[in-house]
Amino acid sequence: MEIGITSFVETTPDVHTGKLISHAQRLREVVEEIVLADQVGLDVFGIGEHHRKDYAASSPAMVLSAAAPLTKRIRLTSAVTVLSSADPVRVFQDFATLDGLSNGRAEIMAGRGSFIESFPLFGYNLNDYEELFEEHLELLLNIQKSERVTWRGGHRPAINDLGVYPRPVQNPLPIWIGSGGNQDSVVRAGLLGLPLTLAIIGGSPRQFAPLVELYKKAAEHAGHDASRLTVGSHSLGFVAEDTELAANTFFPSTQAGMNKIGRERGWSHYSRASFDAARGLEGAMYVGDPGYVAEKIIHLRKHVGITRFMMYVPISTMPHDQVMRSIELLGTEVAPRVREEIAKWEAQQEEA
């Protein structure tokens with residue numbers, strides 16, 4: 001069971017003081033967060049690509065590369081790379097470079113993204129949303145498999161027997177599919193034999209169990225060994241010494257972030273009642289003391305089949321020291337409990 005962190009490197013006003021930090025400061029802070037995550041034994045850190053004023057990381061590979069020489073074992077991934085509006089050659093080159101700098105710890109998580117700012121920014125048409133993703137993923141996988149590439153698609157200029165460099169340390173460089181729970185995305189990942197990460201940010205995580213089964217069935221149908229494929233989750237969370245302290249600390253920024261996005265998308269007002277329901281055992285938010293958060297992650301593993309848990313903290317700007325403390329507790333107290341209990345449970349499953 002892998003445990004890690006995802007961040008969108010948010011830059012919104014502090015809900016208590018109204019202070020807004022610069023993109024530069026937030027970028028430096030997130031590098032410190034990655035270094036700490038490595039030091040406390042977490043397995044993976046993911047950076048999401050956005051092209052908005054309220055997020056500082058438009059280039060996950062650049063941010064992760066800043067942390068690469070400062071870390072030793074943590075895996076470094078995008079979460080996600082918005083592949084529909086990105087050039088697959090450049091994406092591969094960037095992450096192959098990261099792979100070299102980290103000595104084989106880079107990953108690409110390819111997805112459509114939940115925002116659309118990148119399409120007009122890079123000159124893509126939203127009407128080609130689906131076609132662009134499928135075409136770019138096809139080219140990215142071709143580059144992953146072969147140093148020299150011959151390829152032709154409908155939107156990007158063709159490539160005729162050209163090399164793509166640098167080549168990564170890992171062969172192949174891991175490519176994941178990130179999905180919000182779309183059945184077609186899940187089936188595509190399974191048919192391609194690619195690891196899958198599900199954004200579980202609302203409702204009950206148990207609702208995603210059928211999608212995990214669908215993914216595995218698609219993989220088996222295509223001749224892949226489904227037991228070797230990793231299924232990850234990306235969920236909001238925060239760890240503190242006491243559960244009520246965690247909830248009271250995390251709620252204000254979460255409410256601000258949810259309502260900001262909600263105003264753009266027509267969602268209903270995000271209330272404390274919604275927050276408290278989500279942090280219940282069957283909810284999609286992992287907020288509490290180390291024992292409670294560990295219990296919820298174990299529950300997720302047993303009932304949904306998740307084998308990589310990534311905690312998204314925070315959704316809106318919080319003081320850097322609070323985020324750092326949450327990462328520290330996740331690594332030093334939550335992760336060891338989860339790994340120990342999951343190991344016992346898996347041993348019991350094998351005996352049965």
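Note that the structure is a prediction, hence the values are computed from the model and not measured.
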*Asks:* Return the minimal non-hydrogen interatomic distance between P168 and L173, and the atom names on each side.
*Replies:* CG-CB, 3.9 Å
*Asks:* Any sub-3.5 Å donor-acceptor pair from E107's side-chain atoms to P174's backbone N or O?
*Replies:* no
*Asks:* Going only through I, L, V, M, F, W and Y residues with side-chain contacts under 4.5 Å, is there a path from M109 to V212?
*Replies:* no
*Asks:* According to a 4.5 Å side-chain heavy-atom criterion applied to Ile, Leu, Val, Met, Phe, Trp and Tyr, with indirect links allowed, do W151 and I108 form part of one hydrophobic cluster?
*Replies:* yes
*Asks:* Do F8 and H234 have their ring centres less than 6.0 Å from each other?
*Replies:*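 Centroid separation for F8 and H234: below 6.0 Å.
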*Asks:* Do F238 and L42 share a hydrophobic cluster, counting only Ile, Leu, Val, Met, Phe, Trp and Tyr and linking them when any side-chain heavy atoms are less than 4.5 Å apart?
*Replies:*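 Yes; L42 is reachable from F238 via cluster members.
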*Asks:* When you measure from the side chain of S179 to the backbone of L198, do you find a donor-acceptor pair of N or O atoms at a distance under 3.5 Å?
*Replies:*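 Side chain of S179 to backbone of L198, a donor-acceptor pair under 3.5 Å: no, none is there.
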*Asks:* Indicate the atoms forming the closest heavy-atom contact of M311 with V293, along with that distance.
*Replies:* CE-CG1, 3.9 Å
*Asks:* Please check if any side-chain donor atom of T12 sits under 3.5 Å from a side-chain acceptor atom of S316, or the reverse.
*Replies:*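 Yes, S316 and T12 have a side-chain donor paired with an acceptor closer than 3.5 Å.
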*Asks:* Flag the pair H50 / F115 as yes when their ring centroid distance falls below 6.0 Å, and as no otherwise.
*Replies:* yes
*Asks:* Sub-3.5 Å donor-acceptor pair from the side chain of S253 to the main-chain atoms of T317, do we have one?
*Replies:* no
*Asks:* Which heavy atom of S233 sits nearest a heavy atom of L300, and at what distance?
*Replies:* OG-CD2, 3.4 Å
*Asks:* Tell me, with the steps shown, if V334 and V338 meet side-chain contact (heavy atoms from CB on, under 4.5 Å).
*Replies:* CA-CA 6 Å; V334 176; V338 171; 4.1 Å; yes
*Asks:* Would you check if the side chain of N248 reaches a backbone N or O of E244 as a donor-acceptor pair within less than 3.5 Å?
*Replies:*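 Indeed, once roles are kept as given, a pair shorter than 3.5 Å links the two residues.
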*Asks:* Do you know the tightest heavy-atom contact between H136 and A86?
*Replies:*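 Of all heavy-atom pairs spanning H136 and A86, the closest is ND1-O, 2.9 Å.
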*Asks:* Under the 3.5 angstrom rule, does the side chain of S146 hit a backbone N or O of N142 as a donor-acceptor pair?
*Replies:* no
*Asks:* Decide whether M1 and V44 are clustered together by the hydrophobic rule: side chain heavy atoms of Ile, Leu, Val, Met, Phe, Trp, Tyr closer than 4.5 Å, transitively.
*Replies:*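 M1 does not cluster with V44.
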*Asks:* For the residue pair E147 and Y165, confirm or rule out a side-chain donor-acceptor distance under 3.5 Å.
*Replies:* yes
*Asks:* Donor-acceptor pair, T6 side chain versus A79 backbone, under 3.5 Å?
*Replies:*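 Looks like no, no N/O pair under 3.5 Å.
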*Asks:* Taking the six-membered ring for Trp, are Y292 and Y286 ring centroids under 6.0 Å apart?
*Replies:* no
*Asks:* Check G283 against K296 and note the closest heavy-atom contact, atom names and distance.
*Replies:* O-NZ, 2.9 Å
*Asks:* Determine whether a donor-acceptor pair (N or O, by modelled atom type, separation under 3.5 Å) exists between the side chain of E135 and the backbone of R156.
*Replies:*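 Confirmed, E135 side chain pairs with R156 backbone.
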*Asks:* Could you walk me through whether R105 and K72 satisfy the side-chain contact (heavy atoms from CB on, under 4.5 Å) test, starting with their C-alpha distance in whole Å, then the side-chain angles of each, then the deciding distance to 0.1 Å, before giving a yes or no?
*Replies:* CA-CA 9 Å; R105 293 184 281 125; K72 295 180 179 178; 5.8 Å; no
*Asks:* Check A57 against V9 and note the closest heavy-atom contact, atom names and distance.
*Replies:* CB-CG2, 3.6 Å
*Asks:* Using a strict 4.0 Å threshold on nitrogen-to-oxygen distance, state whether R325 and E328 make a salt bridge.
*Replies:*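 Judged by the 4.0 Å cut-off on N to carboxylate O distance, R325 and E328 do form a salt bridge.
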*Asks:* Hydrophobic clusters join Ile, Leu, Val, Met, Phe, Trp and Tyr when side-chain heavy atoms are under 4.5 Å apart, directly or via other members; which others share one with F122?
*Replies:*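 Besides F122, the hydrophobic cluster comprises I116, F119, L121, Y124, L126, Y129, L132, listed by chain and residue number.
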*Asks:* Looking at D54 and T11, would you say the former's side chain and the latter's main chain have a donor-acceptor pair under 3.5 Å?
*Replies:*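 Side chain of D54 to backbone of T11, a donor-acceptor pair under 3.5 Å: no, none is there.
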*Asks:* Counting distance only, does the side-chain N/O of D38 pair as donor-acceptor with the main-chain N or O of I74 below 3.5 Å?
*Replies:* yes
*Asks:* Are M310 and L196 connected into the same hydrophobic cluster when the rule is that any two of I, L, V, M, F, W, Y join if their side-chain heavy atoms are below 4.5 Å apart?
*Replies:* no
*Asks:* Taking transitive links into account, so neighbours of neighbours count too, which hydrophobic residues share a cluster with M62 at under 4.5 Å side-chain distance?
*Replies:*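 Noted: M62 shares its cluster with no other residue.
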*Asks:* Under 3.5 Å, is there a donor on one side chain and an acceptor on the other for N103 and R73?
*Replies:*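 On atom types as modelled, these side chains do not qualify, holding no pair under 3.5 Å.
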*Asks:* Compute whether any side-chain donor of one residue and acceptor of the other, for R112 and S185, lie under 3.5 angstrom apart.
*Replies:* yes
*Asks:* E341 vs K344, test: salt bridge (charged side-chain N to carboxylate O under 4.0 Å, His left out). Steps then yes/no.
*Replies:* CA-CA 5 Å; E341 290 302 315; K344 291 178 182 177; 3.8 Å; yes
*Asks:* Would you find a donor on one side and an acceptor on the other, under 3.5 Å apart, between the side chain of T81 and the backbone of S78?
*Replies:* no
